[in-house]
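Any value given below was found using the heavy atoms of this structure, including those in side chains, with hydrogens, waters and symmetry copies removed. The structure displayed is predicted, hence computed values, not measured ones.
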Amino acid sequence: MTAIRQEHRHLDVACELDHAEAGARSAEWEQLRIDNGLGAEPVAGGARLWLRLSARQTAEDLVRREAECCGFLDLELAKDGDRLRLELTSPVPQAGPVIACLVGLEPDCTLPCC
């Protein structure tokens with residue numbers, strides 16, 4: 001598997017989805033974590049989400065779509081041994097709460113950008 005990298009396009013912490021779409025996207029992230037999550041941890045500038053290898057296709061799709069609507073994020077999905085490593089970072093410190101919500105480090109949170 002070749003790593004997928006999506007680099008930020010701007011520094012505005014703003015999601016381009018409307019409220020209903022943002023809620024549906026948040027639910028997709030939650031389902032990915034429930035079905036395939038192996039843990040999450042903070043990293044410099046964001047967080048790392050560990051996933052089962054079987055989640056590759058779902059994670060690739062979600063990474064591509066997230067990069068389209070949240071242009072302030074840097075996303076990288078790569079195989080790391082027997083699991084997937086998904087890193088979400090941003091050069092903008094205000095993106096921290098969004099990243100924490102997406103990877104599940106802040107359970108039951110509302111995405112502040114959406």
- Task: Carefully, step by step, assess Arg9 and Glu16 under the rule salt bridge (Lys or Arg N to Asp or Glu O under 4.0 Å).
- Result: CA-CA 13 Å; Arg9 300 183 320 275; Glu16 297 172 15; 3.3 Å; yes
- Task: Output yes when a side-chain donor or acceptor of Arg33 lies under 3.5 Å from a complementary backbone atom of Leu102, and no otherwise.
- Result: yes
- Heavy atoms, side chains only, cut-off 4.5 Å: are Leu38 and Arg52 in contact? yes
- Closest non-hydrogen atoms of Leu105 and Ala47, given as atom of the first, atom of the second and distance, are CD1-CB, 3.8 Å
- Query: Hey, what do you get for OG (Ser54) to CG (Asp35), rounding to the nearest 0.5 Å?
  - Reply: 9.0 Å
- Look only at the side chain of Ser90 and the backbone of Phe72, and say whether a donor-acceptor pair between them is shorter than 3.5 Å. yes
- Query: Quick one: are Trp50 and Leu86 in side-chain contact, heavy atoms under 4.5 Å?
  - Reply: no
- Side chains of Leu51 and Leu49 in contact at under 4.5 Å (non-hydrogen atoms): yes
- Note on the structure: Only one of Glu87, Gln6, His8 passes side-chain contact (heavy atoms from CB on, under 4.5 Å) with Asp74, and that residue is His8
- Can you list the steps and then say if Arg25 with Glu28 is a salt bridge (Lys or Arg N to Asp or Glu O under 4.0 Å)? CA-CA 5 Å; Arg25 180 67 56 82; Glu28 286 185 73; 3.8 Å; yes
- Message: Between Glu7 and Arg5, does any side-chain N to carboxylate O distance fall below 4.0 Å?
- Response: no
- Query: Taking atom CD of Glu41 as the centre, does the number of heavy atoms from other residues, nucleotides or ligands within less than 6.0 Å exceed 12?
  - Reply: yes
- Query: Nearest heavy-atom pair of Pro91 and Leu11: which atoms, and what distance?
  - Reply: CG-CD2, 3.6 Å
- Task: Could you give me the CA-CA distance, side-chain angles and deciding distance for Arg64 and Glu66, then say whether salt bridge (Lys or Arg N to Asp or Glu O under 4.0 Å) is met?
- Result: CA-CA 6 Å; Arg64 286 189 177 101; Glu66 197 65 37; over 6 Å; no
- Side chains of Leu32 and Leu62: closer than 4.5 Å at any heavy-atom pair? yes
- Query: Is the shortest heavy-atom distance from the side chain of Leu84 to the side chain of Leu77 under 4.5 Å?
  - Reply: yes
- Task: Treating Ile, Leu, Val, Met, Phe, Trp and Tyr as nodes and any side-chain heavy-atom pair under 4.5 angstrom as an edge, say whether Leu75 and Leu53 lie in one connected cluster.
- Result: yes
- Message: Please check: side-chain N/O of Asp18 versus main-chain N/O of Glu21, any donor-acceptor pairing under 3.5 Å?
- Response: yes
- Query: Hey, what do you get for CG (Asn36) to CZ (Arg56), rounding to the nearest 0.5 Å?
  - Reply: 12.5 Å
- Results of side chain to side chain contact (heavy atoms under 4.5 Å, CB included) for Asp12 - residues two or more places apart only: His10
